[in-house]
Amino acid sequence: MTGPLRFGVLGCADIAVRRTLPAICSHPDTTLTWVASRDPAKAARVADRFGCRATDYAGLLERDDVDAVYLPLPPSLHLEWGAQVLACGKHLLVEKPLAPDAAQAAELAQLAAESGLVLRDNMTFLHHPVHARVRELVAAGRLGEVRALHAAFCFPPLSNVDIRYSRALAGGALLDAGVYPLRCAQLMLGEQLRVAGAVLREDPDRGVDLSGQALLVSAGGVPASLAFGFEHSYGSWYTLWGSTARLHLDRAFTPPAYRQPVLRIEEQDRVEELTLAPYHQFEGSVGAFAAAARDGGRDESVWRAAALGTLRLADQIRDLAVRVPAQPRRGQPIQPAGSRAATGISAGHDGG
Ligand SMILES: NC(=O)c1ccc[n+]([C@@H]2O[C@H](COP(=O)([O-])OP(=O)(O)OC[C@H]3O[C@@H](n4cnc5c(N)ncnc54)[C@H](OP(=O)(O)O)[C@@H]3O)[C@@H](O)[C@H]2O)c1
């Protein structure tokens, strides 16, 4: 393959318009050729904004000037459309979660492995250099022995019509927000994690979880306490607690591209703050995806296994969870219905 990786986008989602399409357009190794929507007028609007062409979902799959498809559909549709993308010989960047459960994720992973195509979930925080720096500090013994991980991704309630409140579309806080602290635990404590217990607070009418907590334990016996949800004030952070020091990172999962991450390391009688350079993690994600595609998808098994691992943990949490009824706010949309995807100008829940 020569030239930039040519992306088509299947679904003009809020996150696509706000974050991923600008990143595809600005990264030198990627370009946007087509956008597809169920609604022709919406596709035309988005295509006009990003300087590409518009079609529908089926039309996108037939384009031979599309090397890779970015798929930001609701999770319940990831397998159905993702399988068609791979069958058409196109690389596939799927929004997180890869699928609603591990069985569907494994089907997608199998199809990608058989066809030699790149399949990744768009877990953008993994590309931010700040987490590699944390791992270096831990490996160098800066915290002593790691004794615990605490991680959280929570935000306030969304519009009543948001896909996250739909059971049929595989909404819910665990799949939408919980996958961030889960993947963080995998990154910091290793893939051999087990779920020791969990609580899910569920909306009894809509049948989706609005928030929850889970306790995991690593192969080395380190516990991880994880919180997620959309009924809290905003929080996106993790703390690694060692025998000699504690490291905290705020705005860990969805920092704006201009934010300088600050690693705060607290000891008994001393605090050190390390300020790192800002980084555009959506550009990092599409750039790494393009590099993997250029490499012919040769070394993709690690990424696929991690994405699958996240959903195995989510399955375990659902199996083990103590479920309690939550009392959702009724009739008071936090944002007017349709303000997100329809306009593409909302700030969104990711703090950007
Ligand atoms: N990586 C990140 O930081 C990040 C951040 C936010 C969200 N996400 C993920 O991105 C995905 C989309 O989230 P979002 O907030 O962008 O959602 P959204 O704005 O509701 O977008 C979903 C899109 O899917 C398409 N769609 C197809 N069938 C649909 C149906 N039956 N109901 C609703 N939409 C349907 C629509 O596109 P058309 O109308 O154009 O066909 C819609 O715009 C989710 O998997 C979410 O977890 C990732």
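In listed order, ligands and their atoms are each counted from 1. Each residue takes its place number in the sequence, starting with 1.
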- With a 4.0 Å cut-off, would you call D176 and K96 a salt bridge? yes
- Query: Do any nitrogen or oxygen atoms of T254 lie less than 3.5 angstrom from nitrogen or oxygen atoms of ligand 1?
  - Reply: no
- Classify the angle between the aromatic ring planes of W241 and H150 as parallel (below 30°), tilted (30 to 60°) or perpendicular (above 60°). tilted
- Query: Where on D162 is there a heavy atom closer than 4.0 Å to ligand 1, on the side chain, on the backbone, on both, or on neither?
  - Reply: neither
- Nearest 0.5 Å please: distance from the CE atom of M188 over to the CG atom of L247. 8.5 Å
- Within-cut-off N or O pair, C12 and ligand 1, under 3.5 Å: yes
- Query: Taking the side chain as C-beta and beyond, is there a heavy-atom pair between V179 and F228 under 4.5 Å?
  - Reply: no
- Atoms of ligand 1 under 4.0 Å from any heavy atom of N122, numbered from 1 in the order shown, are 1 (N)
- Message: So does T124 get a backbone contact from the side chain of N122, meaning a donor-acceptor N/O pair under 3.5 Å?
- Response: no
- Task: Determine, using heavy atoms of F253 and all atoms of ligand 1, whether some pair is separated by less than 4.0 Å.
- Result: no
- Task: Would you mind listing which atoms of ligand 1 come within a distance below 4.0 Å of any non-hydrogen atom of D176?
- Result: 46 (C), 47 (O)
- Nitrogen or oxygen of E95 less than 3.5 angstrom from that of ligand 1: yes
- Heavy-atom side-chain proximity of C25 to T31 below 4.5 angstrom: no
- Does ligand 1 have a heavy atom under 4.0 Å from the side chain of I15, from its backbone, from both, or from neither? both
- Message: Taking only non-hydrogen atoms of D39, do any sit less than 4.0 angstrom from ligand 1?
- Response: no
- Task: Determine whether the side chain, the backbone, both or neither of Y180 has a heavy atom under 4.0 Å from any heavy atom of ligand 1.
- Result: side chain
- Ligand-side contact atoms (ligand 1) for residue partner S37, heavy atom cut-off under 4.0 Å: 38 (P), 39 (O), 40 (O), 41 (O)
- List in chain and number order the residues that pass salt bridge (Lys or Arg N to Asp or Glu O under 4.0 Å) with E114, two or more places apart in sequence or in another chain; answer none if no residue qualifies. none
- Checking heavy-atom distances from atom 11 (C) of ligand 1 to each of S285, G171, P72, the winner is P72
- Query: Who's closest to atom 47 (O) of ligand 1 heavy-atom-wise, of K96, Q281, R164?
  - Reply: K96
- Could you give me the CA-CA distance, side-chain angles and deciding distance for F155 and H232, then say whether ring-ring contact (aromatic ring centres under 6.0 Å, His included) is met? CA-CA 5 Å; F155 43 88; H232 299 62; 9.2 Å; no
- Query: Numbering the atoms of ligand 1 from 1, which are under 4.0 Å from a heavy atom of L169?
  - Reply: 31 (N), 32 (N)
- Quick one: do Y70 and H91 satisfy side-chain hydrogen bond (donor to acceptor under 3.5 Å, both in side chains)? Show the steps, please. CA-CA 9 Å; Y70 166 60; H91 302 291; over 6 Å; no
- Task: Classify the contact between L73 and ligand 1 as side chain, backbone, both or neither, using a heavy-atom distance cut-off of under 4.0 Å.
- Result: both
- Task: Mark up the atoms of ligand 1 that fall under 4.0 Å of a heavy atom belonging to A13, in ascending order.
- Result: 16 (O), 19 (O), 21 (O), 22 (C), 23 (C), 43 (O)
- Query: Hey, what's the ring geometry for F125 with F253, parallel, tilted or perpendicular (30° and 60° as the breaks)?
  - Reply: perpendicular
- Query: Any sub-3.5 Å donor-acceptor pair from T55's side-chain atoms to A36's backbone N or O?
  - Reply: no
- Task: Go through F230 and Y165 one step at a time and tell me if the ring-ring contact (aromatic ring centres under 6.0 Å, His included) criterion holds.
- Result: CA-CA 10 Å; F230 14 85; Y165 292 124; 5.7 Å; yes
- Give the contacting part of F282 toward ligand 1: side chain, backbone, both or neither, where contact means a heavy-atom distance below 4.0 Å. side chain
- Note: ligand 1 atoms sitting under 4.0 Å from heavy atoms of G11 are 37 (O), 40 (O)
- Part of L175 within contact of ligand 1 (heavy atoms, under 4.0 Å): neither
